[in-house]
Amino acid sequence: MHDYFSVKPTKFKNHPCPKPTKWAEWLIKRSTNKCDIILDPFVGSGTSCVAAKKLNRHFIGIEISPKYCKIAKHRLANIPKTKLEDYA
């Protein structure tokens, strides 16, 4: 399956190893349904949560670093909210 992940990391300041949002979207689309819950125990800059929110999934993110929590929270605030009927 590693052939599908031949993408370069997205440049994102303040995080040493950001993952591409497209990669997270690809994985979440293929392994979940709308309204499912995505758990990321190492949120970092929030890529998986951003992808989950874009794809109408709920998410739980865990991160020990207050700095990275702030980055993820800021990124998520910039993703438009979905309409309730999108979850039907």
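From a predicted model like this one, the values you see are computed outputs, not experimental measurements. Position 1 is the first residue of the sequence, and the numbers go up from there.
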Check: Who are the side chain to side chain donor-acceptor pair (under 3.5 Å) partners of Ser65, not counting sequence neighbours?
Finding: none
Checklist line | Nearest-0.5 Å distance that lies between atom NE2 in His74 and atom CG in Leu76 | finding: 10.5 Å
Next item on the list: Side-chain contact test, heavy atoms from C-beta onward, threshold under 4.5 Å: evaluate it for Glu63 versus Asp40 and give yes or no.
Entry: no
Item checked: Closest approach of Cys49 to Gly61 (non-hydrogen atoms, all atoms of both residues) -> SG-CA, 4.3 Å
Note to self: Using only atom types and a distance under 3.5 Å, with no angle test, would you say the side chain of Arg75 pairs donor to acceptor with the backbone of Ile71?
What the structure shows: no
Margin query: Show the nearest heavy-atom pair for residues Gly44 and Ala72, with the distance to one decimal.
Written below: O-CB, 4.0 Å
Margin query: Using a 3.5 Å distance criterion without hydrogens, assess whether the side chain of Lys53 forms a donor-acceptor pair with backbone atoms of Ile79.
Written below: yes
Next item on the list: State which residues pass side-chain contact (heavy atoms from CB on, under 4.5 Å) with Ile64; sequence neighbours excluded, sorted by chain then number.
Entry: none
Next item on the list: Might you point out which heavy atoms bring Glu25 and Leu55 nearest each other, and give the distance in Å?
Entry: O-CD1, 3.7 Å
Note to self: Can you tell me how far apart CG (Leu27) and OG1 (Thr32) are? Round to the nearest 0.5 Å.
What the structure shows: 8.5 Å
Note to self: Would you say Ile28 ends up clustered with Phe59 if hydrophobic residues are merged whenever their side chains have heavy atoms under 4.5 Å apart, either directly or through other cluster members?
What the structure shows: yes
Notebook entry, point to check: Any side-chain heavy atom of Val50 within less than 4.5 Å of one from Asn78?
Noted result: no
Next item on the list: Any chance you could measure Ile37, atom CD1, to Arg57, atom CZ, to the nearest 0.5 Å?
Entry: 12.5 Å
